[in-house]
Amino acid sequence: MTATATPAPQGATPGAAPKISFVSLGCPKALVDSERILTHLRAEGYELARRHDGADVVIVNTCGFLDSAKAESLSAIGEAMAENGRVIVTGCMGAQPEEIREKYPDLLAVTGPQAYESVVAAVHEAVPPAHDPFLDLVPPQGIKLTPRHYAYLKISEGCSNRCSFCIIPSLRGNLVSRPAGDVLREAEKLVKAGVKELLVVSQDTSAYGVDVRYSESPWRDRSVRAKFYDLTKELGELGAWVRLHYVYPYPHVDEVIPLMAEGKVLPYLDMPLQHASPSVLKRMRRPGNQERQLDRIRSWRQTCPDLAIRSTFIVGFPGETEAEFEELLAWLQEAKLDRVGCFEYEPVAGATANALGDLVPPELKAERKRRFMETQNAISLRLQRAKVGKRLAMIVDSVDGGIAKGRSKADAPEIDGTVHAAFRRPVRPGEIVTVKVDRAEAYDLYGSVT
């Protein structure tokens with residue numbers, strides 16, 4: 001951590017609880033980091049401010065994965081400096097503080113990702129806590145930045161893969177799995193607090209426990225291994241929807257599919273596949289047998305016909321030829337994935353892919369992304385139309401007039417589709433209702449609550 005001493009704000013009211021304004025950028029894993037920092041500070045008596053200019057200090061949790069994310073982070077830091085001037089920066093971009101300090105030399109502190117203690121120490125230095133144990137109460141589940149009815153549950157930090165386009169291991173380190181008992185106790189607290197959906201996240205969820213050799217830890221009246229299947233099975237007994245994100249398609253993922261068929265966890269897998277051409281995957285340093293992957297997906301669907309698979313792909317990776325891109329389109333048509341995102345390749349400072357050269361021109365990357373999404377939209381529309389006339393469970397996210405908006409079991413918040421349902425009886429956010437589907441678009445469904 002680098003820090004500079006700054007005098008306490010002149011306008012602070014003596015005896016008043018210090019106020020923190022917070023900006024959280026990046027992925028759900030970073031959001032969990034933000035929640036941990038806020039929970040710690042709230043327990044010490046700090047209050048949360050809605051505006052930068054009403055706070056004693058501002059914390060900006062940055063994303064530093066892509067140049068576009070860095071630009072967004074720098075912009076957020078600039079806004080905080082302009083509106084407040086007393087700013088602490090943390091997160092992935094903070095792992096390389098020189099670029100931040102060059103533009104904003106007067107920051108109070110810059111820390112890297114997962115540096116919770118350093119962030120709290122910087123806050124203490126900027127504005128000491130005024131904790132009153134009789135007034136400052138933190139709920140057992142901690143402070144959450146998501147709506148009350150769903151929460152992200154991070155099961156590990158870091159990643160031991162070495163994909164050529166990614167610098168996450170250099171920012172967050174190698175895989176470090178949390179003890180299964182700790183994860184389950186956190187999940188139990190969330191469910192008791194009213195959370196209806198647990199979104200399991202990490203950088204490589206299906207590698208959970210490899211680093212600790214699947215060691216056991218106590219949970220209730222037994223021990224549970226830190227293993228993907230064991231943890232998923234136990235989470236499925238807590239009475240909430242369990243949604244699995246960032247699951248690499250390792251063979252042992254097969255074991256979890258029956259849990260989905262039995263209704264223990266949601267029939268949903270978020271698998272970041274990135275491409276389908278074996279030669280591109282080799283340059284990406286990713287598993288390259290996509291034919292075997294198709295066989296595995298077919299087997300999964302035989303076991304669990306309702307399984308929804310989402311994935312993300314990169315087009316325009318260095319050296320990607322038209323033939324390799326056509327391989328991707330052909331694989332996509334064969335796999336018939338339910339939810340798909342597509343990104344144009346963007347160089348990342350420090351990534352080994354930068355040494356590959358042979359960059360795809362920007363206009364060709366944009367054209368391939370358009371063709372990719374046209375192909376996927378047609379697939380999505382066919383799959384969505386097959387749901388017309390069916391009844392689906394929906395978790396309600398919001399209510400506006402006589403329309404409830406929410407998500408089916410096939411939809412994760414913010415990245416997948418939305419279900420729009422008319423209703424006559426009262427419904428509330430967080431409620432799980434049954435919806436009869438009347439109409440379908442490529443991403444959204446429309447119907448009524450039954």
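Side chains are part of it too, since the values below use all heavy atoms of this structure and drop only hydrogens, waters and symmetry mates. Small disclaimer: the values here were computed from a predicted structure and weren't measured.
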Next item on the list: Can you sort out the partners of Tyr150 under ring-ring contact (aromatic ring centres under 6.0 Å, His included), two or more places apart, ordered by chain and number?
Entry: none

Check: When you look at CD of Glu374, are more than 12 heavy atoms from neighbouring residues, nucleotides or ligands closer to it than 6.0 Å?
Finding: yes

Note to self: Could you tell me if Ser164 and Thr352 have a donor-acceptor pair between their side chains, going purely by distance under 3.5 Å?
What the structure shows: no

Next item on the list: May I ask you to decide if Ser118's main-chain N or O and Thr111's side chain share a donor-acceptor pair within less than 3.5 Å?
Entry: no

Notebook entry, point to check: Is there a side-chain contact between Pro249 and Leu273, using heavy atoms and a 4.5 Å cut-off?
Noted result: yes

Checklist line | Any side-chain heavy-atom pair of Arg439 and Arg385 under 4.5 Å | finding: no

Margin query: Donor-acceptor check, side chain of Glu346 to backbone of Asp67, threshold 3.5 angstrom: yes or no?
Written below: yes

Checklist line | Pairwise distance CG(Leu199) to NZ(Lys154) - rounded to 0.5 angstrom | finding: 14.0 Å

Next item on the list: Using the side chain to side chain donor-acceptor pair (under 3.5 Å) rule, take Thr375 and Gln333 through it: C-alpha gap first, then chi angles, then the decisive distance, then the call.
Entry: CA-CA 8 Å; Thr375 300; Gln333 291 171 322; 4.9 Å; no

Notebook entry, point to check: Taking all non-hydrogen atoms of both residues, which atom of Trp331 and which atom of Gln293 are closest, and how far apart?
Noted result: CZ2-CG, 4.2 Å

Check: Is there a side-chain contact between Thr434 and Met394 (heavy atoms, below 4.5 Å)?
Finding: no

Check: Taking the side chain as C-beta and beyond, is there a heavy-atom pair between Val340 and Thr312 under 4.5 Å?
Finding: no

Margin query: Between the side chains of Glu47 and Arg42, is the shortest nitrogen-to-carboxylate-oxygen separation below 4.0 Å, so that they form an ion pair?
Written below: no

Next item on the list: Would you mind checking if Glu326 and Arg371 are paired as a salt bridge, meaning a charged N to carboxylate O distance below 4.0 Å?
Entry: yes

Next item on the list: Count the heavy atoms belonging to other residues, nucleotides or ligands that lie under 6.0 Å from CZ of Arg292, then report whether that count exceeds 12.
Entry: no

Next item on the list: First locate atom CZ of Arg148, then atom CZ of Arg428, and finally report the distance between them rounded to the nearest 0.5 Å.
Entry: 10.0 Å

Note to self: Atom CZ of residue position Arg296 - does it have more than 12 heavy atoms of other residues, nucleotides or ligands inside 6.0 Å?
What the structure shows: yes

Check: Considering residues, nucleotides and ligands other than Lys70, do more than 12 of their heavy atoms fall under 6.0 Å from its NZ?
Finding: yes

Notebook entry, point to check: Distance-only, no hydrogens or angles: does the Arg243 side chain make a donor-acceptor pair with backbone N or O of Lys409 under 3.5 Å?
Noted result: yes

Next item on the list: Taking atom types as modelled, find out whether Tyr268 and Asp411 have a side-chain donor-acceptor pair closer than 3.5 angstrom.
Entry: no

Check: Got a second to check how far Phe228's CZ is from Ser177's OG, nearest 0.5 Å?
Finding: 12.0 Å

Check: Would you say the side chains of Ser24 and Ser34 form a donor-acceptor pair under 3.5 Å?
Finding: yes

Next item on the list: Kindly indicate whether the side chain of Glu197, heavy atoms from C-beta on, has any atom under 4.5 Å from the side chain of Val191.
Entry: no

Check: Hey, is the main chain of Thr62 close enough, under 3.5 Å, to the side chain of Ser73 for a donor-acceptor pair?
Finding: no

Checklist line | Audit row: His252, Tyr229, side chain to side chain contact (heavy atoms under 4.5 Å, CB included) steps and yes/no | finding: CA-CA 8 Å; His252 68 263; Tyr229 171 81; over 6 Å; no

Next item on the list: Establish, from distance only, whether the side-chain atoms of Ser156 and Gln203 form a donor-acceptor pair under 3.5 Å.
Entry: no

Notebook entry, point to check: Above 12 or not: heavy atoms from other molecules or residues under 6.0 Å from CZ of Arg222?
Noted result: yes

Check: Between Pro278 and Glu327, which heavy-atom pair has the shortest distance, and what is it?
Finding: CD-OE2, 3.6 Å

Check: Under 4.5 Å between any side-chain heavy atoms of Lys29 and Tyr246, yes or no?
Finding: yes

Next item on the list: For residues Ser408 and Val419, report the shortest heavy-atom separation together with the two atoms involved.
Entry: N-CG2, 3.7 Å

Notebook entry, point to check: For Lys264, does the NZ atom sit with more than 12 other heavy atoms under 6.0 Å from it, leaving out its own atoms?
Noted result: no

Check: Strictly by modelled atom types, are His124 and Glu44 linked by a side-chain donor-acceptor pair under 3.5 Å?
Finding: yes

Note to self: Please evaluate residues Val435 and Thr450 with respect to the criterion side chain to side chain contact (heavy atoms under 4.5 Å, CB included), reporting the C-alpha separation (whole Å), side-chain torsions for both, the decisive distance (0.1 Å), and the verdict.
What the structure shows: CA-CA 6 Å; Val435 174; Thr450 61; over 6 Å; no

Note to self: Applying side chain to side chain contact (heavy atoms under 4.5 Å, CB included) to Val123 and Ile20, what does each step give before you reach the verdict?
What the structure shows: CA-CA 9 Å; Val123 172; Ile20 306 296; 3.9 Å; yes

Check: Can a salt bridge be assigned to the pair Asp438 and Lys387 using a cut-off of 4.0 Å between side-chain N and carboxylate O?
Finding: no

Checklist line | Contact summary for Pro305 and Gln302, nearest pair of heavy atoms | finding: CD-O, 4.2 Å

Checklist line | Within 45° cone of Phe343 ring axis and under 6.0 Å: Lys365 NZ or CZ | finding: no

Item checked: Lys/Arg-Asp/Glu bridge criterion (N-O < 4.0 Å) met for Arg368, Glu320 -> yes

Next item on the list: Would you please say whether a donor-acceptor pair under 3.5 Å links the side chains of Gln376 and Ser380?
Entry: yes

Check: Which value, rounded to the nearest 0.5 Å, describes the distance between Ile88 atom CD1 and Ile59 atom CD1?
Finding: 5.5 Å

Notebook entry, point to check: Okay, side chain of Thr205, backbone of His245: is any donor-acceptor separation there less than 3.5 Å?
Noted result: yes

Notebook entry, point to check: Are Met271 and Tyr248 side-chain neighbours, meaning at least one heavy-atom pair lies under 4.5 Å?
Noted result: no

Margin query: Using the ring-ring contact (aromatic ring centres under 6.0 Å, His included) criterion, which residues pair with Tyr345? Sequence neighbours excluded.
Written below: Phe317

Note to self: Please report the interatomic distance OG(Ser299) to CG(Leu307), rounded to the nearest 0.5 Å.
What the structure shows: 10.5 Å

Note to self: Donor-acceptor pair, distance only, cut-off 3.5 Å: does the side chain of Glu216 make one with the backbone of Ser223?
What the structure shows: no

Next item on the list: Please round to the nearest 0.5 Å and tell me the distance separating atom NZ of Lys390 and atom CG of Leu445.
Entry: 11.0 Å

Next item on the list: Give the minimum heavy-atom separation between Leu171 and Cys92, together with the two atoms involved.
Entry: CD2-O, 3.5 Å

Notebook entry, point to check: For the side chain of Asn354 and the backbone of Ala351, is there at least one donor-acceptor N/O pair under 3.5 Å apart?
Noted result: yes

Checklist line | Distance-only polar pair, side chains of Thr90 and Asn61, donor-acceptor under 3.5 Å | finding: no

Check: Is it true that the side chains of Asp204 and Tyr250 contain a donor and an acceptor less than 3.5 Å apart?
Finding: yes

Check: Passes side chain to side chain contact (heavy atoms under 4.5 Å, CB included), Asp416 versus Arg310? Steps please.
Finding: CA-CA 9 Å; Asp416 292 327; Arg310 103 164 313 273; 2.8 Å; yes

Next item on the list: Give a yes or no on whether Lys233 atom NZ has more than 12 heavy-atom contacts from other residues, nucleotides or ligands under 6.0 Å away.
Entry: no

Margin query: Less than 4.0 angstrom from a charged side-chain N to a carboxylate O is my criterion; do Arg36 and Glu157 meet it?
Written below: yes

Next item on the list: Return yes if some donor-acceptor pair links the side-chain N/O of Glu262 with the main-chain N/O of Leu259 below 3.5 Å, else return no.
Entry: no

Margin query: Counting C-beta onward and ignoring hydrogens, is there a side-chain heavy-atom pair between Met260 and Leu266 closer than 4.5 Å?
Written below: no

Check: Where is the tightest heavy-atom contact between Ala30 and Leu25, given as atom of each residue plus distance?
Finding: CB-O, 3.6 Å

Note to self: Counting neighbours of CZ on Arg370 that are heavy atoms of other residues, nucleotides or ligands and sit closer than 6.0 Å, is the number greater than 12?
What the structure shows: yes

Margin query: Is a donor from one side chain sitting under 3.5 angstrom from an acceptor on the other, for Asp230 and Tyr208?
Written below: no

